[in-house]
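To start, the structure itself, in structure tokens.
For ligands, and for the atoms within them, numbers begin at 1 and follow the listed sequence.
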Amino acid sequence: MSGLIVRGARLLGGETGDIRIVDGRIDAVGSVDPAAGDHMIDADGLVALPGLVDLHTHLREPGGEASETVLTGTRAAAAGGFTAVFAMANTSPVADTAGVVEQVEALGRQHGYATVRPIGAVTVGLEGRQLAELGAMAASRAQVRVFSDDGHCVADPLIMRRALEYVATIGGVIAQHAQEPRLTEGAQMNEGPLSGELGLAGWPAVAEESIIARDVLLAEHTRSRLHVCHVSTAGSVDVVRWAKKRGIAVTAEVTPHHLLLTDETARDYDARFKVNPPLRRAEDVEALRAAVADGTIDIVATDHAPHPDERKECAWAEAAFGMVGLESALSIVQHTLVDTGMLDWAGVARVLSTTPAAIGGLAGYDAPLAVGAPAHLTLVDPEASRRWSTDELRGRSRNTPYTGITLPGRVIATVHGGVPTVLDGALVDADTVATTAGGR
Ligand SMILES: NC(=O)N[C@@H](CC(=O)O)C(=O)O
């Protein structure tokens, strides 16, 4: 069986070595003698990471195909170095039944660019009133373990309690979109001096922090697992830190955009910077970066939220919330955390691969780049840099906030279960990927 040899990569321990992949698994690491028929990837100067895993992706299919499909979204994921994504439930129909989550999982398997693990809705229709069929979704072929009403908060404390109690019985986790609905009615941007100046309704930090404070206590009370989506404020970091010290089973994520951008970007009313939760103050950005570095925040998750041009090229108050993030996530993490000395590449593997996989219950990522492990691999050139533009985006939508910014790093190769999805910095064509992956 011919293999694929990655030659001379920088491995997670800092040493340089080869990686040989045979039949979808890592066969050897270190100094490898090529066998007849082996394909070679010259990885000189490249960092080898385990395939990235995104715990918070909006693929939009079914129902939102004008923004993204499973195919276009997983192509964007592969381009960004991802080999697995967790697809949020705010589709149409909502992913609140076994049928819908199995449909989404099957599409991911059919296309082969990345493993698609659907996230199940917590409540029917994301309406926050009645628990969805959590057990049926967990027992389905989609093996759902993460449940979220993302885009909406599970605001009713009794519903949240019941959801936490239920997922504790199936080894699952509730991923909360922490947004107190009454405190954020009509909210458009971070509440502060600037929202007053711009005349845009504010989204106060306390609307996030008060929900997180309630939910960590509910998680303790029910002895269940809580994951906090897109933490955006210094106060939320303090609450999560307190809960972890108390031994509560809580994990938390931050998005790349909240590690870089502030509410100052709203000054020109450019709706590319409109996102939920909103971009906050410089002090919040600083607290979030420090929280990733000290482990209070466990992972980076993209909250990839594609929207067609017409939903963004309009007045701020009419525009949709959200920005794409799969293709730029690794560069933003390098720019804000690695190049600032706050995180090394082993830390990048932790926050963008092994830990999101562990939180989501996704097997195959707990022994990164080890012999015998499934061959999910990403090769990145940390020395490359590029002026970010929509021209290079492979997803269906172009609502990136980074146009014109020079970002470091470039994904040179992505390998999903031994199947190259990116080679020489370019996506491998869809037919080749689907055929090679064979609907595994
Ligand atoms: N994060 C966003 O700004 N948008 C998300 C949902 C949401 O959280 O509002 C989307 O699905 O578009």
Side-chain angles (χ1 to χ4, degrees), residues 54-70 72-73 76 85-96 104 118-119 121-123 125-128 146-155 174-181 183-190 200-201 203 207-208 211-212 227-233 236 252-259 261 263 265-266 270-280 300-312 314 316-326 328-329 395-401:
D54 188 26
L55 200 64
H56 193 144
T57 297
H58 295 278
L59 290 179
R60 303 299 193 215
E61 186 174 9
E65 289 84 353
S67 305
E68 200 78 278
T69 65
V70 171
T72 60
V85 298
F86 286 78
M88 278 293 180
N90 63 337
T91 51
S92 174
V94 165
D96 58 10
V104 173
I119 288 175
V122 177
T123 65
L126 307 179
E127 292 175 1
V146 184
F147 297 90
S148 180
D149 278 1
D150 184 68
H152 304 270
C153 180
V154 180
I174 300 293
Q176 175 71 291
H177 171 109
Q179 176 179 354
E180 209 298 317
L183 292 174
T184 54
E185 282 175 357
Q188 294 291 324
M189 69 171 288
N190 180 49
L200 291 170
W203 201 123
E208 172 177 299
I211 291 291
I212 297 172
H227 177 72
V228 184
C229 293
H230 39 50
V231 170
S232 71
T233 79
S236 295
E253 73 188 34
V254 63
T255 69
H257 42 279
H258 287 105
L259 287 172
L261 305 171
D263 57 359
T265 55
D270 181 341
R272 284 179 307 132
F273 299 101
K274 181 176 180 180
V275 66
N276 186 4
L279 301 172
R280 302 285 188 181
V300 174
T302 72
D303 194 2
H304 178 78
H307 293 289
D309 294 349
E310 58 271 17
R311 294 300 319 277
K312 284 291 190 177
C314 55
W316 181 284
E318 276 71 59
F321 288 90
M323 41 185 72
V324 291
L326 282 168
S328 44
R396 176 155 286 180
S397 293
R398 301 185 302 173
N399 54 311
T400 173

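Pro401 meets the side chain to side chain contact (heavy atoms under 4.5 Å, CB included) test with Leu261, Phe273, Met323; sequence neighbours excluded.
Side chain of Ser397 to backbone of Ser67: a donor-acceptor contact under 3.5 angstrom is found.
Counting heavy atoms closer than 4.0 Å to ligand 1, residue His304 contributes nothing at all. Of the heavy atoms in Met88, none comes closer than 4.0 Å to ligand 1.
Nearest protein heavy-atom neighbour of atom 8 (O) of ligand 1: His177 CE1, 3.2 Å. The single protein non-hydrogen atom nearest to atom 12 (O) of ligand 1 is Arg60 NH2, 2.8 Å, given as residue, atom name and distance. Nearest protein heavy-atom neighbour of atom 7 (C) of ligand 1: Gly151 CA, 3.4 Å. Residue, atom and distance of the protein heavy atom nearest to atom 3 (O) of ligand 1 are Asn276 N, 2.9 Å. Of the protein's non-hydrogen atoms, the one nearest atom 5 (C) of ligand 1 is His58 NE2, 3.8 Å.
Checking only distances, Val275 never comes within under 3.5 Å of ligand 1, N or O to N or O. Where the criterion is an N or O separation shorter than 3.5 Å, residue side chain and backbone included, Ala305 fails it with respect to ligand 1.
Applying the 4.0 Å criterion to heavy atoms of Asn90 picks out, from ligand 1, the atoms 10 (C), 11 (O). For ligand 1, the atoms sitting less than 4.0 Å from at least one non-hydrogen atom of Phe321 are 2 (C), 3 (O), 4 (N), 12 (O), numbered in the order shown with element in parentheses. Residue-ligand proximity, His307 to ligand 1, at heavy-atom distances under 4.0 Å covers atoms 12 (O).
Side-chain N/O atoms of Asp54 and His304 include no donor and acceptor closer than 3.5 Å. When only modelled atom types and interatomic distance are considered, Thr69 and Glu65 share no side-chain donor-acceptor pair under 3.5 Å.
Note that CD of Glu318 is 7.5 Å distant from NZ of Lys274, once rounded to the nearest 0.5 Å. Between Thr57 atom OG1 and Asp303 atom CG the span is 8.5 Å, to the nearest 0.5 Å. Going from atom OG1 of Thr123 over to atom CG of Asp96 covers 8.0 Å, rounded to the nearest 0.5 Å. Taken to the nearest 0.5 Å, the SG atom of Cys229 stands 10.5 Å off from the CD atom of Glu208.
With His56 as reference, His230 is the one residue of His177, His230, His227 to meet the ring pair (Phe, Tyr, Trp, His ring centres under 6.0 Å) rule.
When the heavy atoms of Thr255, Asp150, Asp303 are ranked by distance to atom 1 (N) of ligand 1, first place goes to Asp303.
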